[in-house]
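Please read the structure below before turning to the comments.
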Amino acid sequence: MLSPERPLVLVGAGNMGGAMLEGWLAAGTSPRSIVVIEPSPPDTQALATPGLTVTATAPDGITASTLVLAVKPQVMGEVLPKLTGLRDEATLVVSIAAGITIETLKTLGRGPVVRAIPNTPSSVGKGMTAAVADGAGEKDVALADKLLSSIGTVEWVDDEALIDVATAVSGSGPAYVFYLVEALAAAGEKAGLPADVAAVLARRTIIGAGALLDRSPLDPATLRRNVTSPGGTTAAALEVLMAGDGLGPLMERAVAAATARSRELGS
Ligand SMILES: NC(=O)C1=CN([C@@H]2O[C@H](COP(=O)(O)OP(=O)(O)OC[C@H]3O[C@@H](n4cnc5c(N)ncnc54)[C@H](OP(=O)(O)O)[C@@H]3O)[C@@H](O)[C@H]2O)C=CC1
Ligand SMILES: O=C(O)[C@@H]1CCC=N1
């Protein structure tokens with residue numbers, strides 16, 4: 001499988017690529033079997049791991065066992081042609097770039113391809129990745145699953161079009177939650193709380209709710225109902241949030257916008 005002769009090659013070690021690298025190293029992948037191509041490597045502990053090869057451009061004389069593409073979709077067109085020498089028909093290509101289609105990835109040549117969309121909680125091992133495979137055998141899918149599972153949960157889908165929707169739900173989703181923290185804090189401040197108190201109340205509430213969701217066997221609707229006393233304060237707030245012009249339709253519009261943008265990035 002992975003070896004210094006046929007390494008795992010990561011192209012782009014920014015936010016997401018860096019998080020995946022941390023996950024692989026933490027899962028015990030030998031740094032000698034990993035090559036990172038990154039023109040401006042951030043100063044991270046993972047990139048400073050002894051034995052790891054970090055290089056600005058594609059090195060000569062190696063063939064990747066797995067080639068993981070973690071550059072911005074906007075630069076993929078210029079990056080892909082520079083990588084053809086790094087792979088052969090047995091190389092598993094895994095792209096995490098939003099919007100970049102399997103058809104585009106196949107311009108690298110024949111071979112197994114996985115298009116995946118992780119999210120930034122991957123950097124704390126709580127990632128959610130959706131993935132679709134093309135031309136990949138059971139062993140390729142198992143290998144991709146192992147690589148992606150080292151940073152969290154993986155959900156495989158059969159239809160590539162669903163990856164654009166997954167990008168809008170789980171790929172971008174953490175940003176919606178962080179914005180909820182900001183909005184909740186701002187509303188608290190507007191209602192009279194000191195800014196620092198509002199910020200800590202909002203932040204710790206989302207952290208606590210996330211942890212409860214993580215540990216509880218109950219579904220989110222039940223957890224919500226457990227907060228909502230009949231005729232109480234939560235019911236009053238939910239009447240606003242669950243109204244016809246509330247959070248439901250707003251979230252539908254947000255997810256539709258992100259899905260459309262993912263498709264645009266790939267065209
Ligand atoms: N951030 C997120 O939440 C998610 C991101 N993604 C996808 O992951 C990919 C990376 O995103 P993200 O990590 O946020 O972006 P970053 O900008 O943090 O990381 C991309 C890295 O690639 C480097 N890079 C640029 N050109 C090359 C090249 N020719 N060869 C090797 N590396 C290069 C960049 O360097 P430099 O800065 O110098 O340009 C940068 O360090 C994107 O395609 C995005 O769609 C997917 C899911 C979630
Ligand atoms: O915003 C983006 O395009 C990337 C993909 C999903 C999360 N961040």
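First listed ligand is number 1; within each ligand, the first listed atom is number 1. Heavy-atom basis, side chains included; hydrogens, waters and symmetry copies ignored.
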**Request:** Non-hydrogen atoms closer than 4.0 Å to ligand 2: which protein residues do they belong to? List them by chain and number, please.
**Result:** Ala98, Gly171, Ser172
**Message:** Using only atom types and a distance under 3.5 Å, with no angle test, would you say the side chain of Thr101 pairs donor to acceptor with the backbone of Gly266?
**Reply:** no
**Message:** Applying side chain to side chain donor-acceptor pair (under 3.5 Å) as the test, list every pair that has at least one member in residues 249-267; sequence neighbours left out.
**Reply:** Asp164-Ser262, Asp164-Arg263, Arg261-Glu264
**Asked** Of Leu47, Thr44, Thr29, which meets side chain to side chain contact (heavy atoms under 4.5 Å, CB included) against Leu21?
**Response** Leu47
**Request:** Taking all non-hydrogen atoms of both residues into account, name the closest pair between Ala131 and Val114 and its distance.
**Result:** CB-CG1, 4.2 Å
**Request:** For ligand 1, would you mind listing the residues that have at least one heavy atom less than 4.0 Å away, ordered by chain and number?
**Result:** Val11, Gly12, Gly14, Asn15, Met16, Ile37, Glu38, Pro39, Ser40, Ala70, Val71, Lys72, Pro73, Val79, Ile96, Ala97, Ala98, Ile117, Pro118, Thr120
What donor-acceptor contacts under 3.5 angstrom involve side-chain atoms of residues 64-76, with partners at least two apart or in another chain?
none

**Request:** For a side chain to side chain contact (heavy atoms under 4.5 Å, CB included) with Ile34, tell me which candidate from Leu25, Leu2, Val9 qualifies.
**Result:** Leu25
**Prompt:** For Thr107 and Thr104, does a side-chain donor sit closer than 3.5 Å to a side-chain acceptor?
**Reply:** no
**Item:** For the student: nearest non-hydrogen atoms of Ile102 and Arg115, plus distance
**Value:** CG1-CB, 4.1 Å
**Item:** Heavy-atom donor-acceptor pair, Ser122 side chain to Asn119 backbone, under 3.5 Å
**Value:** yes
